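What you see below is based on every heavy atom in this structure, not just the backbone, and it leaves out hydrogens, waters and symmetry mates. The sequence lines fix the lettering, A, B, ..., with proteins before strands; numbering per chain opens at 1. What you see is a predicted model; the values in this text were computed from it and never measured.
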Amino acid sequence: MSFPLNAPQREAVRYLDGPLLVLAGAGSGKTRVIAAKVAHLVERGTDPARIAAITFTNKAAREMRERAAKLLGGQGRADAARAVQISTFHSLGLAILRAECRAAGLRPGFSILDPADLEPIVAELVATADRAKARSAQWRISGWKNALVTPQAALAGAKDADERAAARAYAGYADALAAYQAVDFDDLIVRPLELFGRDPDALARWQGRYDHVLVDEVQDTNAAQYRLLRCLCGERGRFTAVGDDDQSIYGWRGATLDNLARLAEDYPALKVVKLEQNYRSTVRILRSANSLIANNPKLFDKRLWSEHGHGDALRVTPASDDEAEAELVVHRLLAHRFEHRGRYADYAILYRGNHQSRPFETALRAQNVPYVVSGGQSYFDRAEIRDLVAYLRLVANDDDDPAFLRAVTTPKRGIGQTTLAKLADVAGRRRESLFAAVFAPEFAAAAHAKAREEMEKFCALVSDLRRRSEREPAGRLLGELVAKIGYEDWLVSSFDKREAQAKSQSVADFVGWLARKGEEDRRTLLELTQMIALVTMLEGREEDDPDAVRLSTLHAAKGLEFPHVFLVGLEEGLLPHREAIDAGNVEEERRLMYVGLTRAQRSAHLSYCRTRKRAGAKVDCVPSRFLKELAQEDLRYAGEPLPAGEAERAKASGMERLKQLKALVAKD
DNA sequence: TAGAGATTAGTTTTT
DNA sequence: CTAATCTCTA
């Protein structure tokens with residue numbers, strides 16, 4: 001990919017006179033532009049450490065780092081590439097918070113809690129045992145934080161009982177986090193903002209820190225992130241923002257296209273450059289995508305074009321149910337691969353929700369096709385890793401009660417509900433952490449001697465590791481921890497052989513990862529512990545790119561491209577998703593479909609099911625409205641054209657009804 | 001206190 | 001029809 005830049009790309013790279021918005025259509029080479037601009041800035045003499053490039057995901061940050069390293073490395077400036085601050089919004093927020101933790105009212109070892117840690121806390125605050133209720137309250141709190149709404153304002157604006165309950169919990173939520181010396185993901189953005197708001201010196205420090213800020217995917221920024229951006233860029237606005245309003249798919253996380261529109265208001269000198277040449281897809285894929293997205297109102301006028309050939313028609317295939325769809329897709333994929341002598345890695349299967357991967361995994365396994373699933377459960381979400389991370393968090397920060405609770409009960413060491421309830425009671429009365437309460441005289445009086453002994457042993461281990469954490473390498477400490485708590489033995493005794501082996505392997509991977517990271521930049525255990533919360537996968541996992549079919553959600557596929565794409569489950573209720581339809585947000589779903597389509601370079605295969613298993617029973621499906629919005633002349637229907645024949649549908653549903661009745665009768 | 005069975009609820013996307 | 005949670009017994 002060392003073609004020369006085209007005219008608008010060149011303009012975007014060279015323009016340094018003021019704030020710049022680059023409207024980069026799908027496949028228009030935006031990552032190239034950002035990397036080239038970083039290189040250009042360095043060439044012109046900008047100190048690499050005074051350049052910040054901010055992305056939305058770790059994956060994008062990594063790619064940016066690689067691209068910049070390649071460009072600058074070619075000029076013998078590999079050192080410069082390393083010095084550029086390339087990070088996600090959240091890791092940048094973490095860097096700020098770490099540097100300013102005293103001013104922000106946090107101790108250096110503060111913990112980062114993820115939503116799973118927070119759920120029980122919120123459940124308690126809203127006084128519910130219903131997990132769904134707790135999650136929805138959590139969801140609301142996060143929404144308020146990202147929109148920079150205070151607990152008071154949230155309470156004042158609450159419309160129904162649920163919202164009022166969530167708003168009340170919101171205030172207590174902040175207190176709970178403060179007591180644990182902890183922050184959540186949203187705080188990584190919001191707390192630096194609060195700090196900048198009340199401490200002009202801190203603001204000045206960070207505002208003067210970067211000569212140029214580059215932002216990827218601005219259309220995905222929420223109110224808090226946008227404001228953080230403004231803080232960093234200052235009034236001069238020396239930034240390059242890159243984005244595409246047609247690819248805004250994070251509205252559900254508070255991202256708002258208003259930010260894109262506001263950019264022009266907040267920075268009247270804003271220059272806009274459009275990248276409209278697509279280097280990725282065939283004309284037919286692009287025409288279909290354009291035709292689809294034309295159904296959305298336009299913020300900016302943009303016309304994508306391609307110099308690639310026409311390419312094949314997009315195939316639309318119905319399947320009788322989800323299993324049949326998976327088999328069909330896998331068969332077609334194999335036939336296609338054979339015919340084109342391609343690699344497995346040339347193919348991606350994209351879907352709306354994580355759970356949809358299941359039948360495809362089964363079908364791929366049945367045919368012995370290698371595959372990788374991305375965007376599913378993250379490596380650091382596995383129970384065994386969370387167990388160990390709880391220990392690390394506790395080592396870094398003994399106020400972290402959630403970490404204490406997890407670590408002290410895993411592996412089982414004879415400490416159960418009753419003992420913990422007593423400890424919590426003592427801690428509550430004394431207004432101190434669970435960890436501190438272990439040594440309180442009240443606890444000694446109340447608890448069983450054996451349980452207390454175990455607990456003191458546990459605390460001694462944690463304290464010992466803490467004492468040594470500043471000096472000794474993180475990998476060694478973790479390795480020692482795993483050995484001392486007898487974690488391997490516990491795995492073997494608690495799980496069957498296969499599972500224990502898999503878990504044991506991922507523990508070994510984790511120890512190795514931490515050791516490597518610790519050595520790389522001489523990071524301490526504390527720094528690494530905070531980093532883990534933001535890392536979603538084991539780095540290096542994807543580098544040894546095996547020749548495998550890629551399974552991914554549409555969200556996780558953004559920014560990627562594949563020669564051949566299968567877009568599956570194109571049904572009403574799935575894409576567009578039911579919730580989105582009900583919320584009146586079909587536009588975002590359409591953009592999601594647009595993102596999926598524009599991942600394809602040479603061919604796109606679309607499929608949907610006529611029925612689908614849901615909670616055991618089969619239900620009828622209707623093909624997605626988006627299929628009708630594609631350029632019909634570029635489609636080829638493998639089955640009957642849309643919509644499905646009414647007669648057949650009625651017959652199918654009649655058969656289903658009969659089956660259901662039979663099942664009912666059989667039960668009695 | 002901890003593990004094994006019974007019961008019941010579930011469906012979106014992620015830093 | 002799963003998968004996770006809850007309840008009961010050793």
Side-chain angles (χ1 to χ4, degrees), chain A residues 54-61 87-94 112-116 118 129-133 135-136 139 142 145-146 183-190 217 220-222 224-225 248-255 322-323 350-359 374-378 380-381 383 409-421 448 450-451 454 490 493-495 531-537 552-558 569 571 573-583 585 588-589 591-593 595-596 612-619 663:
Chain A
I54 307 173
T55 65
F56 205 63
T57 64
N58 292 305
K59 197 169 60 194
S87 56
T88 64
F89 268 104
H90 292 267
S91 53
L92 176 69
L94 173 60
I112 301 168
L113 302 192
D114 68 19
L118 263 353
D130 184 350
R131 302 191 60 182
K133 275 219 173 85
R135 285 210 195 129
S136 102
W139 191 249
S142 171
K145 290 175 90 155
N146 282 318
V183 299
D184 65 13
F185 284 155
D186 305 323
D187 283 332
L188 293 171
I189 313 294
V190 174
E217 314 271 22
D220 287 334
T221 55
N222 60 38
Q225 287 160 340
S248 162
I249 55 174
Y250 285 94
W252 52 276
R253 257 179 70 189
D322 42 354
E323 275 172 33
L350 308 181
Y351 38 79
R352 174 68 231 258
N354 274 310
H355 68 278
Q356 287 174 260
S357 71
R358 189 96 147 272
S374 63
Q377 194 198 24
S378 126
F380 288 98
D381 275 344
T409 52
T410 339
K412 303 292 176 224
R413 43 166 72 82
I415 295 167
Q417 283 304 312
T418 34
T419 310
L420 286 174
H448 277 125
K450 203 175 161 207
E454 278 297 331
W490 180 73
S493 67
S494 311
F495 299 94
M531 212 170 106
I532 288 163
L534 299 182
V535 179
T536 43
M537 68 188 98
S552 172
T553 62
L554 289 164
H555 283 88
K558 186 153 86 147
E571 296 134 42
L574 257 184
L575 188 70
H577 197 272
R578 171 94 265 137
E579 306 271 328
I581 298 171
D582 293 344
N585 195 14
E588 182 156 316
E589 300 290 303
R591 292 192 289 263
L592 207 43
M593 169 109 175
V595 165
R612 184 177 280 279
K613 268 205 218 72
R614 263 173 96 96
K618 280 194 173 180
V619 292

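- OP1 or OP2 of B:dT1 sits under 4.0 Å from a side-chain N or O of A:Thr418.
- For A:Trp252 and A:His577, the ring centers sit 6.0 Å or farther from each other.
- Phosphate contact (OP1/OP2 of C:dA3, side-chain N/O of A:Arg358, threshold under 4.0 Å): present.
- Listed pair A:Thr553 / B:dT14 meets the phosphate criterion, a side-chain N or O lying under 4.0 Å from OP1 or OP2.
- To the nearest 0.5 Å, atom CZ of residue A:Phe56 and atom CD of residue A:Glu217 are 8.5 Å apart.
- Rounded to whole Å, the P atom of B:dT12 lies 22 Å from the corresponding atom of C:dC1.
- Contact annotation: A:Asn354 side-chain N/O to B:dT13 OP1/OP2 distance is under 4.0 Å.
- Put simply, the side chain of A:Arg253 and the base of B:dT13 share no donor and acceptor less than 3.5 Å apart.
- B:dT13 and C:dA4: their P atoms are spaced 14 Å apart (whole Å).
- Each of A:Ile249, A:Val595, A:Leu575 was scored for a side-chain contact (heavy atoms from CB on, under 4.5 Å) with A:Leu554, with one residue passing: A:Leu575.
- Contact annotation for A:Arg131: backbone-only contact, meaning every heavy-atom pair under 4.0 Å involves sugar-phosphate atoms and none involves a base.
- An OP1 or OP2 oxygen of B:dT1 is reached within less than 4.0 angstrom by a side-chain nitrogen or oxygen of A:Thr419.
- Atoms CD1 and CG, on A:Ile112 and A:Leu94 in that order, are 4.5 Å from each other to the nearest 0.5 Å.
- Remark: the separation of the P atoms in C:dC6 and B:dT11 is 15 Å, to the nearest Å.
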